Amino acid sequence: MRTSLVFAIASSLGLLATQSALAAESADSNSMSRGAYIARTADCTACHTTDESKPFAGGLAMPTPMGDIYSTNITPDKSTGIGNYSLEDFTRVLREGVDKGGDHLYPAMPYTAYTKMSDSDIKALYDYFMNEVKPVNAPNRESDIPWPLSMRWPLMAWNWMFLDKGVYQADEQKSDAWNRGAYLVQGATHCSTCHTPRGLAMQEKSTDETEKGFLSGADLGGWHAFNITNDKAAGLGSWSDEDIVQYLKTGSVKGKAQAAGPMGEAVEHSFRFMSDSDLHAIATYLRSVPAVDDGKTMETSRFTQGEPVAVDMVVRGQDPEKAMDSSPGAELFMGNCATCHAADGSGSPDGYYPSLYHNSVVGTTHLDNLTRVILEGVHRENNHGELFMPAFGESLTDEQVATLVNFLTSTFGNPEATTTAEAVGKLRSKD
């Protein structure tokens with residue numbers, strides 16, 4: 001027993017040393033301090049920056065069934081931010097979800113994942129916020145949740161039931177790369193926050209690869225976070241490690257998927273800044289997550305649905321008004337999509353404008369993402385430049401968007417997937 005304990009401690013110290021070395025290597029290669037790199041891995045920007053001229057000043061509205069809550073100011077401002085926080089105060093926020101004043105945070109702040117971060121990473125992150133981030137005087141906004149639902153004491157019970165406190169412990173039977181990937185996925189990058197189904201109390205139903213359903217996909221905030229387990233049809237089982245790394249780095253894998261919404265933000269603000277070794281470690285770990293299917297018998301995955309169809313031939317020679325009556329989906333496609341995605345849905349040869357067949361968002365039965373992309377467009381940066389798709393929410397009605405979505409899925413994707421104008425309207429209201 002004593003020998004096993006010594007071995008476990010040595011393994012843990014070895015993992016922490018590896019994590020520190022990798023973080024330091026990444027910081028050097030990207031001209032970032034170690035703390036800045038950890039802030040990138042934790043994607044603090046996504047929730048705490050609403051104005052790029054005032055980074056980390058908070059104010060982002062996050063919808064809940066009870067009302068909106070707002071991200072807080074985490075700049076070192078002493079009156080409205082965290083300037084008076086000690087390292088111990090800061091650590092308590094990340095490990096327990098409790099602020100300096102003793103108030104419990106809503107678990108929209110992913111402290112349930114950050115609790116697994118090492119002491120050295122938390123200290124580096126603290127040093128970054130205290131010494132490199134500019135203080136911004138921006139008062140925090142109270143939530144829109146009405147009293148008595150706004151009382152925080154029930155969160156103590158929630159934490160007692162669902163918060164699994166404790167630093168990540170290395171699995172001595174696994175490789176350094178696997179452990180590094182597990183540490184990132186379960187901790188700083190908090191992938192399960194979006195990709196793991198939640199229970200009635202909004203708790204994640206599973207927290208690591210040993211529990212059924214981990215990373216099997218979930219709906220959150222009007223978007224669907226896809227299954228990223230190793231299932232070949234429903235998950236990433238058909239992807240190579242390089243596909244996973246490329247997707248995290250650029251947000252795009254030709255003939256498979258493109259990132260938009262919260263995942264697009266994660267690529268833009270977090271994953272594209274991470275080192276290749278960390279991204280490969282994440283891929284290594286994801287490969288080990290047990291496959292979870294979607295309960296359906298699928299001969300092909302959402303990435304391989306559809307084929308090219310010459311839509312222009314459907315409406316060629318027709319009067320536009322008559323075409324809208326006889327082939328409304330085709331006419332909407334030709335008028336709004338074909339210029340970039342080509343008349344046969346093949347996109348551009350270089351993949352900048354993606355193909356609409358063999359496309360995750362068109363080949364799935366979860367249509368929220370496709371609908372929101374049409375409504376809101378896409379604006380995402382990666383290390384190679386900027387990607388842009390215009391929003392059509394102002395020019396198309398709910399009925400027209402539903403018609404277009406149904407045409408895209410029936411023509412280029414999964415014909416079993418359909419939506420309605422009512423469903424489009426509900427998603428439009430989340431903008």
Side-chain angles (χ1 to χ4, degrees), residues 12-60 71-103 105 109-138 140 165-168 170 179-180 183-190 266 269-275 277-278 281:
S12 298
L13 291 174
L15 173 66
L16 293 177
T18 300
Q19 291 167 352
S20 298
L22 287 170
E25 167 199 333
S26 304
D28 290 341
S29 63
N30 292 283
S31 301
M32 285 187 284
S33 67
R34 183 180 170 207
Y37 181 81
I38 294 166
R40 288 292 189 184
T41 67
D43 200 7
C44 304
T45 296
C47 290
H48 292 278
T49 299
T50 53
D51 181 346
E52 292 185 2
S53 68
K54 300 176 181 178
F56 304 115
L60 178 70
S71 63
T72 56
N73 182 342
I74 56 171
T75 74
D77 182 71
K78 290 186 178 295
S79 58
T80 62
I82 60 171
N84 293 317
Y85 275 54
S86 65
L87 174 59
E88 290 72 23
D89 296 329
F90 187 80
T91 301
R92 192 181 184 198
V93 170
L94 269 63
R95 291 265 172 81
E96 303 176 34
V98 180
D99 68 16
K100 184 178 177 64
D103 290 328
L105 305 181
M109 190 279 195
Y111 60 86
T112 53
Y114 294 158
T115 189
K116 296 188 177 185
M117 293 173 63
S118 68
D119 290 345
S120 59
D121 276 0
I122 290 177
K123 184 178 186 306
L125 188 62
Y126 175 78
D127 290 341
Y128 166 70
F129 277 109
M130 292 302 172
N131 300 311
E132 297 184 51
V133 173
K134 180 181 177 180
V136 177
N137 186 281
N140 292 313
K165 289 190 293 185
V167 180
Y168 174 80
N179 275 297
R180 176 64 178 173
Y183 173 79
L184 289 167
V185 169
Q186 296 176 27
T189 63
H190 56 282
H269 300 308
S270 178
F271 288 114
R272 71 182 175 111
F273 294 99
M274 294 174 65
S275 68
S277 58
D278 274 353

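For the numbers below, each heavy atom of this structure counts, side chains included, while hydrogens, waters and symmetry mates do not. Just so you know, these numbers come straight off a predicted model, no measurement behind them.
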Scan the side chains in residues 80-87 for donor-acceptor partners under 3.5 Å anywhere in the protein, sequence neighbours excluded, and list what turns up.
from  : atom 1 : to     : atom 2 : distance (Å)
Thr80 : OG1    : Asn73  : ND2    : 3.1
Thr80 : OG1    : Asp77  : OD2    : 2.7
Thr80 : OG1    : Val136 : O      : 3.4
Thr80 : OG1    : Ala138 : N      : 3.0
Asn84 : ND2    : Lys78  : O      : 2.8
Tyr85 : OH     : Lys100 : N      : 3.2
Ser86 : OG     : Glu88  : N      : 3.3
Ser86 : OG     : Glu88  : OE1    : 3.4
Ser86 : OG     : Asp89  : N      : 3.0
Ser86 : OG     : Asp89  : OD2    : 3.1

Got a sec, which residues hit side chain to side chain donor-acceptor pair (under 3.5 Å) with Arg95, two or more places apart in sequence or on another chain? Asp119
So, taking the atom named CD in Glu96 and the one named OG1 in Thr115, what distance separates them when rounded to the nearest 0.5 Å? 7.5 Å
Do the side-chain N and O atoms of Asp278 and Thr41 include a donor-acceptor pair separated by under 3.5 angstrom? no
If the condition is side-chain contact (heavy atoms from CB on, under 4.5 Å), which residues does Ala113 pass it with, not counting sequence neighbours? His190
Verify whether one side chain among Tyr37 and Asp121 offers a donor that lies under 3.5 Å from an acceptor in the other. no
Any non-hydrogen side-chain atom of Met274 less than 4.5 Å from a side-chain atom of Leu184? yes
To check you understand the geometry: which heavy-atom pair defines the closest contact between His269 and Ala46, and what is its length? CD2-CA, 4.3 Å
Between Met109 and Val93, does a side-chain contact (heavy atoms from CB on, under 4.5 Å) hold up when you go through it step by step? CA-CA 9 Å; Met109 190 279 195; Val93 170; 3.7 Å; yes
Distance col, row Cys44:SG vs Ile38:CD1, nearest 0.5 angstrom, shows 10.0 Å
Do Arg40 and Met32 make a side-chain contact, defined as non-hydrogen atoms from C-beta onward lying under 4.5 Å apart? yes
Would Lys134 and Thr75 count as a side-chain contact (heavy atoms from CB on, under 4.5 Å) if you check the C-alpha gap in whole Å, the side-chain angles of each, and the deciding distance to 0.1 Å? CA-CA 6 Å; Lys134 180 181 177 180; Thr75 74; over 6 Å; no
Distance col, row His48:NE2 vs Ser71:OG, nearest 0.5 angstrom, shows 5.5 Å
How about Ser120 and Arg34: do any of their side-chain heavy atoms sit closer than 4.5 Å? yes
NZ-CG distance between Lys116 and Leu94, expressed to the nearest 0.5 angstrom: 14.5 Å
To the nearest 0.5 Å, tell me how far Thr72 OG1 sits from Leu60 CG. 11.0 Å
With side chains defined as the heavy atoms from C-beta onward, is the minimum distance between Pro76 and Val133 less than 4.5 Å? yes
If we count only N and O atoms by modelled type, under 3.5 Å, do the side chains of Arg180 and Ser277 hold a donor and an acceptor together? no
Step-by-step side-chain contact (heavy atoms from CB on, under 4.5 Å) determination, Thr189 to Phe271: CA-CA 9 Å; Thr189 63; Phe271 288 114; 4.0 Å; yes
Looking at every heavy atom in both Thr50 and Gly58, which two are closest together, and how far apart are they? OG1-O, 3.0 Å
Just say parallel, tilted or perpendicular for the rings of Tyr128 and Phe56, cut-offs at 30° and 60°. perpendicular
Exercise: identify the closest heavy-atom pair between Val98 and Leu105: N-CG, 4.5 Å
Taken to the nearest 0.5 Å, the spacing of Thr91 OG1 from Ile122 CD1 works out to 5.0 Å
Decide yes or no on side-chain contact (heavy atoms from CB on, under 4.5 Å) for Leu125 and Met117, but give the supporting numbers first. CA-CA 10 Å; Leu125 188 62; Met117 293 173 63; 4.3 Å; yes
